[in-house]
Q: 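Before I ask anything, here is the structure I am working with.
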Amino acid sequence: MTCAECRELLNAYLDDELPRPELDAVREHLSACPRCAGEYDVLAATSHQLQEGLVRHPAPDVLKARIRTALAKPDAFEPRPTARRTPWPWLAAAGLVIAIVSSGITFGAMQRRDSGELEHELLASHIRSLMPGHLTDVVSSNQHNVKPWFNGRVDASPSVPQLDSIGFPLVGGRLDYVEDRPVPVIVYARRQHLINVYSWPIATRESTAPRVTTDHGYHMAEWRADGFELWAVSDVDVPDLRQFIAAFRRAQ
Ligand SMILES: [Zn+2]
């Protein structure tokens with residue numbers, strides 16, 4: 001094996017994707033060629049750094065949703081003949097992001113810890129909404145399209161304030177099930193993040209200030225206003241979430 005042939009196969013070797021004869025040939029060459037061995041060490045170290053650096057940053061919801069949509073396509077797992085030549089950092093990054101997303105789903109959906117049943121249901125609903133085709137039943141950035149869609153579908157029509165002017169564009173709405181009853185959900189965006197707002201009527205008309213809790217990287221805020229209990233679930237920063245809720249309440 002020449003040095004050029006060895007370099008050509010290094011990425012695949014690092015990713016453990018080589019068939020046996022080529023794998024042995026590369027290993028043999030690396031043991032005998034300090035220059036290629038040095039090249040391999042750099043690749044391995046960079047790959048390690050990339051992994052270390054990436055796992056500290058959870059993927060934003062919109063990215064998760066896009067990855068899931070891409071994975072749901074029928075050809076997502078078909079082998080591509082050019083796969084080996086795909087630049088390895090990109091492959092490594094894509095694999096890591098998918099791993100992070102998968103662990104996020106498992107973590108979020110399987111663990112209950114101390115959060116109450118309702119919080120658990122809302123968090124599961126939020127995570128489910130990020131899967132392909134689950135986010136919206138009605139897609140519109142206009143409140144006058146979203147609000148009427150709920151007529152006849154739920155007993156009490158949800159508030160759908162228009163908040164684009166402060167950086168929270170309306171994405172749409174959907175009907176979800178929480179505690180075995182249909183609940184309207186209004187969806188807003190904040191840069192690459194999504195905010196799901198759930199609401200249902202309650203017997204009291206008291207207003208309460210938002211109470212924010214954090215569970216597995218997701219923030220949940222609960223407040224009451226005008227005979228409704230409302231919950232917002234998102235992975236936006238807490239200050240952004242508070243700003244959103246303050247604007248929502250003013251417009252409500
Ligand atoms: Zn060499």
Side-chain angles (χ1 to χ4, degrees), residues 61 108-109 111-130 134-190 193-252:
D61 285 344
Q111 297 222 347
R112 290 199 177 191
R113 229 166 45 177
D114 297 324
S115 62
E117 190 69 26
L118 175 60
E119 281 93 332
H120 172 73
E121 271 197 54
L122 292 172
L123 183 56
S125 160
H126 177 79
I127 292 168
R128 190 169 58 241
S129 78
L130 306 173
H134 285 72
L135 185 63
T136 44
D137 292 324
V138 53
V139 182
S140 175
S141 56
N142 186 330
Q143 64 189 141
H144 300 298
N145 296 330
V146 175
K147 194 174 170 67
W149 183 87
F150 289 99
N151 290 344
R153 290 184 165 92
V154 287
D155 295 338
S157 183
S159 297
V160 189
Q162 202 78 44
L163 304 172
D164 350 18
S165 61
I166 55 156
F168 296 98
L170 182 62
V171 176
R174 72 172 181 279
L175 200 58
D176 216 324
Y177 281 81
V178 179
E179 294 185 323
D180 298 325
R181 62 192 162 166
V183 167
V185 188
I186 311 301
V187 185
Y188 291 86
R190 176 65 154 183
H193 305 274
L194 295 167
I195 304 170
N196 275 311
V197 181
Y198 304 77
S199 62
W200 49 83
I202 49 174
T204 163
R205 293 200 64 83
E206 64 159 352
S207 284
T208 59
R211 184 178 59 88
V212 179
T213 56
T214 297
D215 194 0
H216 298 111
Y218 291 97
H219 308 300
M220 311 181 81
E222 181 231 345
W223 72 99
R224 291 174 172 191
D226 298 326
F228 279 85
E229 178 170 329
L230 297 99
W231 285 80
V233 185
S234 182
D235 68 341
V236 292
D237 295 341
V238 171
D240 275 4
L241 186 60
R242 286 193 179 280
Q243 186 197 350
F244 170 79
I245 294 168
F248 194 102
R249 283 164 65 96
R250 273 196 302 274
Q252 212 175 342

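Values reported hereafter were calculated over all heavy atoms of this structure, with side chains retained and with hydrogens, waters and symmetry mates removed.
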Q: Quick one: are Pro169 and Ser141 in side-chain contact, heavy atoms under 4.5 Å?
A: no

Q: Test of understanding: with ring pair (Phe, Tyr, Trp, His ring centres under 6.0 Å), list the residues that count as partners of Phe168, not counting sequence neighbours.
A: Phe244

Q: For Val146 and Ser140, work out which heavy atoms get closest and say how close.
A: CG2-O, 3.6 Å

Q: Might you point out which heavy atoms bring Ser199 and Pro158 nearest each other, and give the distance in Å?
A: OG-CB, 3.7 Å

Q: From Glu222 CD over to Thr208 OG1, what is the distance, rounded to the nearest 0.5 angstrom?
A: 5.5 Å

Q: For Thr214 and His219, which I'm curious about, is there any donor-acceptor pair between the side chains at under 3.5 Å?
A: yes

Q: With a 4.5 Å limit on heavy-atom distance, are the side chains of Tyr188 and Val160 in contact?
A: yes

Q: Of all the heavy-atom pairs spanning Trp200 and Trp231, show the shortest one and how long it is.
A: CH2-CD1, 3.4 Å

Q: Determine whether Glu121 and Tyr198 make a side-chain contact, defined as any pair of heavy atoms from C-beta on separated by less than 4.5 Å.
A: no

Q: Any heavy-atom pair between the side chains of Lys147 and Ser157 that's under 4.5 Å?
A: yes

Q: Can you see which heavy atom on Pro182 is nearest to which on Val154, and at what distance?
A: O-CG1, 4.1 Å

Q: Can any side-chain N or O of Thr136 pair as donor or acceptor with the backbone N or O of Gly173 at less than 3.5 Å?
A: no

Q: Nearest 0.5 angstrom please: Arg205 CZ to Arg224 CZ, how far?
A: 13.0 Å

Q: Would a 4.5 Å heavy-atom cut-off, applied to side chains only, mark Asn196 and Arg174 as touching?
A: yes

Q: Answer yes or no: is there a side-chain heavy-atom contact under 4.5 Å between Phe228 and Ser159?
A: no

Q: Would you name the heavy atoms of His126 and Ser234 that are closest together and state the gap between them?
A: CE1-CA, 3.9 Å

Q: With heavy-atom distances below 4.5 Å as the criterion, would you say the side chains of His193 and Asp240 are in contact?
A: no

Q: Got a second to check how far Gln252's CD is from Ile245's CD1, nearest 0.5 Å?
A: 10.5 Å

Q: So, taking the atom named CD1 in Ile195 and the one named CZ in Phe248, what distance separates them when rounded to the nearest 0.5 Å?
A: 10.0 Å

Q: What heavy-atom pair brings Pro184 and Phe150 nearest, and what distance separates the two atoms?
A: CB-CE2, 3.4 Å

Q: Does Leu175 reach the side chain of Trp149, with side-chain heavy atoms less than 4.5 Å apart?
A: yes

Q: Between Asp176 and Arg128, does any side-chain N to carboxylate O distance fall below 4.0 Å?
A: yes

Q: How about Asn142: does its CG atom have over 12 heavy atoms from other parts shown lying under 6.0 Å from it?
A: yes

Q: Roughly how far, to the nearest 0.5 Å, is the OG atom of Ser129 from the CG atom of Leu122?
A: 11.0 Å

Q: If you measure from CD on Glu206 to CD on Glu229, what distance do you get to the nearest 0.5 Å?
A: 9.5 Å

